[in-house]
2 protein chains.
Amino acid sequence: MARTKDPAIRELLIERAAHMLRAREPITLRSVVAETGVSTMAVYTYFGGMDGLWRAMRQEGFTRLAARLATVGETADPVRDLAALGAAYVGNAGAHPDLYRIMFDAGFDLEDPAAADESLHHLVRAVERARAAGRFRADVVATDLATQTWIAGHGLASLVTGGPLPAEAFGYGIPLLTALFTSAGDSAERCRRSVEAGWF
Amino acid sequence: MARTKDPAIRELLIERAAHMLRAREPITLRSVVAETGVSTMAVYTYFGGMDGLWRAMRQEGFTRLAARLATVGETADPVRDLAALGAAYVGNAGAHPDLYRIMFDAGFDLEDPAAADESLHHLVRAVERARAAGRFRADVVATDLATQTWIAGHGLASLVTGGPLPAEAFGYGIPLLTALFTSAGDSAERCRRSVEAGWF
DNA sequence: GCACTTAACATAGCATCGCTATGCTATGTT
DNA sequence: AACATAGCATAGCGATGCTATGTTAAGTGC
């Protein structure tokens, strides 16, 4: 038919835009393509416009988050795993603060919403394992507790990456998760040890 | 000396910009001053530019939050008051979602940072009262628990106003705060009643 | 009460923004 | 070999935030 798109260019533009975001440089149509050899039209060919580029960067953020959550293995202590997932979540936000910030900026929708849900499912499964292991009460609704864990993790990540709280505030994750999991039925002392073992 | 600024114009522009923000209309230099009779220069006279206008709107958000928190009185049950402060916080975010979103957008600093801290002090004082009343353990650090309450409240407010969670998710505030305050030493059943009494 | 000073004001214009229309080029198909 | 078509580069459009410039009007000193 005709010429085919070069995936390398798409990757190059996302990479460059993400780098400029990290360097706090203004991300404009012309500044992104500058010194890349490609013209401004490439942004429209590959992303349909600047909105599409931002969408792709958000997707990139969720992809990295999913990759990091995937590195958290399953041990014999599901509560530790749950805390480790929370630590991985805020750790990812701390490692890529600019990427994390745009992930939750409203106005754009994701290319692949399922990828975002997938991340929450990691938490849900860990809660279910903890409940099955007798650490949580039988009446604990897995999605509810997982969502509450997410809320705490996001509040922490958002306030630290946003500036109001210093990086040391990441430590609040331990008492927050301990309170949450203890409230779900885990014994206080055992919960504290598990959370501390999983956190960072 | 010369002509003096008219505070009414400043208020008019903030009001109009906030209204346009609520209506999801693009807030531009020219669109803000349109149909107001004033010229584009007014934005520079009163705010020094568009950044200043956004700063003023953020300040307006913190002012409204402070006003709402101030309506929460002190009762004989400090844990109820603490929950009521949390409810007022997320309630304010739900009432003014667009204003809340820009409050925590990085890049700008507040005109009056002390006003933001003042809000957190409401929580700190409530924690101190609860500790003094014997509801919390003596070793509870008031600023730590207040910050954790803020983290939970902000996570909830942020995820709901941002879109990922529906408005019904505001209900997660009850188990979140109950877990937090129970972990601080309050008895489970009594804590649950206090939080439910103070929430919304 | 008049003249002077000075800050607020309106207008016009600048560089740059995202985006689109228009040919040209190169690649895959027949 | 000839065609069809998608990617590409260029130029230009309306709109953006901002600034330079001249004018106007309010406050001050005599």
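Throughout, protein chains are lettered first and strands after them, A, B, ... in sequence-line order, and every chain is numbered starting at 1.
With sequence neighbours left out, the side chain to side chain contact (heavy atoms under 4.5 Å, CB included) criterion links E15(A) to no other residue. The salt bridge (Lys or Arg N to Asp or Glu O under 4.0 Å) check on R64(A) picks up E60(A), with sequence neighbours excluded. Looking at residues two or more places apart in sequence or on another chain, you find a side chain to side chain contact (heavy atoms under 4.5 Å, CB included) between S31(A) and M20(A), T28(A). Y172(A) is linked by a ring-ring contact (aromatic ring centres under 6.0 Å, His included) to nothing, counting only residues two or more places apart in sequence or in another chain. For the salt bridge (Lys or Arg N to Asp or Glu O under 4.0 Å) test, no residue two or more places apart in sequence or in another chain qualifies with E25(B).
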List the atom pairs, donor and acceptor, that lie under 3.5 Å between side-chain atoms in residues 80-88 of chain B and the rest of the protein, sequence neighbours left out.
residue : atom : partner : partner atom : Å
D81(B)  : OD1  : T75(B)  : N            : 3.4
D81(B)  : OD1  : T75(B)  : OG1          : 2.8
D81(B)  : OD2  : T75(B)  : N            : 2.8
D81(B)  : OD2  : R129(B) : NH2          : 2.4

For residues 132-142 of chain A, which side-chain donor-acceptor pairs fall under 3.5 Å, sequence neighbours excluded?
residue : atom : partner : partner atom : Å
R135(A) : NE   : D186(A) : OD1          : 2.8
R135(A) : NE   : D186(A) : OD2          : 3.3
R135(A) : NH1  : D77(A)  : OD1          : 3.1
R135(A) : NH2  : D186(A) : OD2          : 2.9
R135(A) : NH2  : S194(A) : OG           : 2.9
R137(A) : NE   : D139(A) : OD1          : 3.3
R137(A) : NH1  : S183(A) : O            : 3.1
R137(A) : NH2  : S183(A) : O            : 3.3

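Residue E35(A) places its CD atom among 12 or fewer non-hydrogen atoms of other residues, nucleotides or ligands, all under 6.0 Å distant.
Atom CG in D6(A) sits roughly 12 Å away from atom P in dG28(C) (whole-Å rounding). As rounded to whole Å, 17 Å separates atom P of dA6(D) from atom CD1 of I9(A). Following rounding to the nearest Å, D51(B) (CG) and dG17(D) (C1') show an atom-to-atom distance of 10 Å. A straight line from CH2 of W54(B) to C1' of dC18(D) spans 17 Å, rounded to a whole angstrom. Taking atom CE on M41(B) and atom P on dT16(D), their separation rounds to 18 Å, with Å as the unit. In this structure, R10(A) atom CZ and dC8(D) atom P are separated by 14 Å, rounded to whole Å. The nearest whole Å value for the distance from the CZ atom in F47(B) to the P atom in dC9(C) is 12 Å.
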Structure string for DNA chain C in dot-bracket form, Watson-Crick and G-U at under 3.5 Å, | interchain: ||||||||||||||||||||||||||||||
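Of all the residues in residues 24-36 of chain B, R30(B) reach under 4.0 Å from DNA chain C with at least one non-hydrogen atom.
The side chain of Y44(A) contributes no N or O atom lying less than 4.0 Å from OP1 or OP2 of dA6(D).
Salt-bridge formation is not detected for the pair E196(B)/R193(B): no Lys NZ or Arg NE/NH1/NH2 atom is positioned less than 4.0 Å from an Asp or Glu carboxylate oxygen.
Nucleic acid contact class of G48(B) (heavy atoms, under 4.0 Å, all strands): none. Within 4.0 Å of L53(A), counting heavy atoms only, lies no atom of the nucleic acid at all. Residue M50(B) is in sugar-phosphate contact alone, with no base atom involved, counting any heavy-atom pair closer than 4.0 Å across all strands shown.
Each of V43(A) and A42(B) was matched to the nucleotide of DNA chain C holding its nearest heavy atom; the match closer to the 5' end belongs to A42(B).
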